[in-house]
Colleague: 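I am attaching a structure below and will ask some questions about it afterwards.
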Amino acid sequence: QVQLVESGGGLVQAGASLRLSCAASGRTISGYTMAWFRQAPGKEREFVAGLTWSRDQSLYADSVKGRFTVSRDNAKNTVYLQLNGLRPEDTALYYCAARLSWTVLSRANAYDNWGQGTQVTVSS
């Protein structure tokens, strides 16, 4: 089992940037595909971005393409999500997730390891 802890969220104005981090512990994330999801109040959890262990496959939601970038440092057991050009509609609780697989899937139920989330709030 992998324990995941997110950090880096905050309150920013529209157009600002943030970098979220997800630190894994309990075991190495070698072989794990890592992903970010988000959930706004009253809405379902939605896929944001994902990256395989070898970084040969990445996937982004259409709403964040060109603005968000997912990366990982396997030596540090950490995954990042760089958020640029933030918009009020990006406001949500952002979750890190992991699955032992070589492919990125956008379905939340494909991931069996989850963090507690970090809040991102974007004011207009």
Side-chain angles (χ1 to χ4, degrees):
Q1 193 77 358
V2 179
Q3 288 78 49
L4 304 172
V5 178
E6 303 93 337
S7 62
L11 170 62
V12 296
Q13 291 188 332
S17 298
L18 284 173
R19 189 175 82 153
L20 308 184
S21 299
C22 171
S25 62
R27 60 163 293 165
T28 176
I29 55 174
S30 172
Y32 279 79
T33 284
M34 304 298 294
W36 289 90
F37 288 78
R38 67 186 181 185
Q39 188 167 19
K43 295 187 177 181
E44 293 188 355
R45 191 169 298 190
E46 65 172 355
F47 174 81
V48 176
L51 184 64
T52 54
W53 157 253
S54 61
R55 308 178 189 86
D56 62 343
Q57 181 194 14
S58 62
L59 185 66
Y60 292 88
D62 288 342
S63 59
V64 306
K65 280 182 182 177
R67 299 188 298 124
F68 293 7
T69 303
V70 61
S71 62
R72 60 192 294 167
D73 186 334
N74 293 327
K76 294 183 178 180
N77 244 26
T78 302
V79 180
Y80 305 96
L81 184 67
Q82 179 68 39
L83 294 71
N84 296 329
L86 282 162
R87 304 168 181 169
E89 54 264 39
D90 294 319
T91 295
L93 188 60
Y94 282 71
Y95 296 92
C96 177
R99 64 188 295 262
L100 189 59
S101 172
W102 297 105
T103 59
V104 180
L105 296 180
S106 59
R107 294 183 287 107
N109 61 10
Y111 296 81
D112 48 15
N113 298 277
W114 290 86
Q116 294 300 307
T118 184
Q119 179 67 39
V120 173
T121 303
V122 185
S123 64
S124 58

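Numbers here simply count residues along the sequence, with the first being 1.
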Colleague: Atom CG in Leu20, atom CH2 in Trp36: separation rounded to 0.5 Å?
Modeller: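 Here the rounded value is 4.5 Å.
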Colleague: Closest heavy-atom contact between Leu83 and Leu81?
Modeller: CD1-O, 3.0 Å
Colleague: Strictly distance-based, threshold 3.5 Å: is any side-chain N or O of Thr33 a donor or acceptor partner for the main-chain N or O of Thr103?
Modeller: yes
Colleague: Report the relative orientation of the aromatic rings in Phe47 and Phe37; use parallel for angles under 30°, tilted for 30 to 60°, perpendicular for over 60°.
Modeller: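 Rings of Phe47 and Phe37: perpendicular, over 60°.
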Colleague: Report the residues that fulfil side chain to side chain contact (heavy atoms under 4.5 Å, CB included) with Glu46, sequence neighbours left out, ordered by chain and then residue number.
Modeller: Arg38
Colleague: Quick one: are Asn77 and Thr28 in side-chain contact, heavy atoms under 4.5 Å?
Modeller: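 Yes - at least one pair of side-chain heavy atoms lies under 4.5 Å apart.
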Colleague: Could you tell me if the side chain of Trp53 sits less than 4.5 Å from the side chain of Arg72, heavy atoms only?
Modeller: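 Yes, close enough: below the 4.5 Å cut-off.
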Colleague: Can you name the one residue among Arg45, Gln119, Glu6, Gln116 that meets side chain to side chain contact (heavy atoms under 4.5 Å, CB included) with Leu93?
Modeller: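 Checked Arg45, Gln119, Glu6, Gln116 against Leu93; only one passes side chain to side chain contact (heavy atoms under 4.5 Å, CB included): Gln119.
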Colleague: Do any N or O atoms from the side chain of Thr78 and from the backbone of Lys76 form a donor-acceptor pair under 3.5 angstrom?
Modeller: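 A pair under 3.5 Å: yes.
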Colleague: Taking side-chain hydrogen bond (donor to acceptor under 3.5 Å, both in side chains) as the cut-off, I'd like each qualifying pair that reaches into residues 13-27, sequence neighbours left out, listed once.
Modeller: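 The answer is Ser17-Asn84.
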Colleague: Using the disulfide (SG to SG under 2.5 Å) rule, collect all pairs that involve residues 78-124, keeping only residues at least two apart or in two chains.
Modeller: Cys22-Cys96
Colleague: Determine, for Asp62 against Lys65, whether the closest basic-nitrogen to carboxylate-oxygen distance falls under 4.0 angstrom.
Modeller: yes
